[in-house]
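Step one of this worksheet: look at the structure below.
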Amino acid sequence: MESTNFYERVYEIVRKIPYGKVTTYGHIAAYLGVKSSSRMVGYAMNSSHSISDIPAHRVVNRNGMLTGKFHFPTPSIMEELLENEGIPIKNDKIINFKDYLWIPEND
DNA sequence: TCTTTGACGCTGA
DNA sequence: ATCAGCGCCAAAG
């Protein structure tokens, strides 16, 4: 359990993502202080399959592209969930991505 | 213990 | 503006 501390940090932030908003791996990594290792965030998300409170569909890459859609039960789940939250998807990427971008902060 | 693999991001050409 | 390559660091085999 303790070894997954890194993952827990990621999960905690992802769970903080408000409804109708999305964030990027880079921003999460930056929040953890390891912005250089944005890949670790995505890798951690891979383990999110064990958790049910992890809205991984709200996490996209810095382009706003649904790069991880293929990791869902079905590739359409991710975009459907996002559209369900009021986030339009076009060509597997979020329209007006910056407008829906949410950045984690201590606040 | 060492090697390979990534749901990424940035810089250089 | 587009394309290719390198870097980061942790986890699984």
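Reminder, nothing fancy here: chain letters follow the sequence lines and each chain counts from 1. Given the structure is predicted, the values throughout are model-derived calculations rather than measurements.
Atom NZ of A:Lys35 sits in a sparse spot, with 12 or fewer heavy atoms from other residues, nucleotides or ligands closer than 6.0 Å.
In the hydrophobic clustering of ILVMFWY residues, with side-chain heavy atoms under 4.5 Å counting as a link, A:Ile54 and A:Ile87 come out apart.
In summary, contact between chain A and DNA chain B, defined as any nucleotide atom under 4.0 Å from a heavy atom of the protein, begins and ends at B:dG6 to B:dC10 in the 5' to 3' direction.
As a whole-Å value, the separation of A:Tyr25 OH from C:dA10 C1' is 17 Å.
Remark: A:Lys93 NZ to A:Asn63 CG distance equals 9.0 Å, nearest 0.5 Å. Here the NE2 atom belonging to A:His57 is positioned 10.0 Å from the CE atom belonging to A:Met45, to the nearest 0.5 angstrom. Going from atom CD of A:Glu12 over to atom CG of A:Asp53 covers 12.5 Å, rounded to the nearest 0.5 Å. In this structure, the separation between CD on A:Glu83 and NZ on A:Lys90 is 10.5 Å, given to the nearest 0.5 Å. Atom-to-atom distance recorded for A:Met65:CE and A:Asn91:CG is 7.5 Å, nearest 0.5 angstrom.
For A:Pro88 against A:Tyr100, the heavy-atom pair with the smallest separation is CD-OH, 3.4 Å. Closest approach of A:Trp102 and A:Ile13 over heavy atoms only: CZ3-O, 4.2 Å.
Within the 3.5 Å criterion, the main-chain N or O of A:Val59 finds no donor-acceptor partner in the side chain of A:Thr23.
Scanning residues 92-103 of chain A for heavy-atom distances under 4.0 Å to DNA chain B yields an empty list. A heavy atom lying under 4.0 Å from DNA chain C marks the following residues of residues 34-66 of chain A, by number: A:Ser36, A:Ser37, A:Arg39, A:Met40, A:Tyr43.
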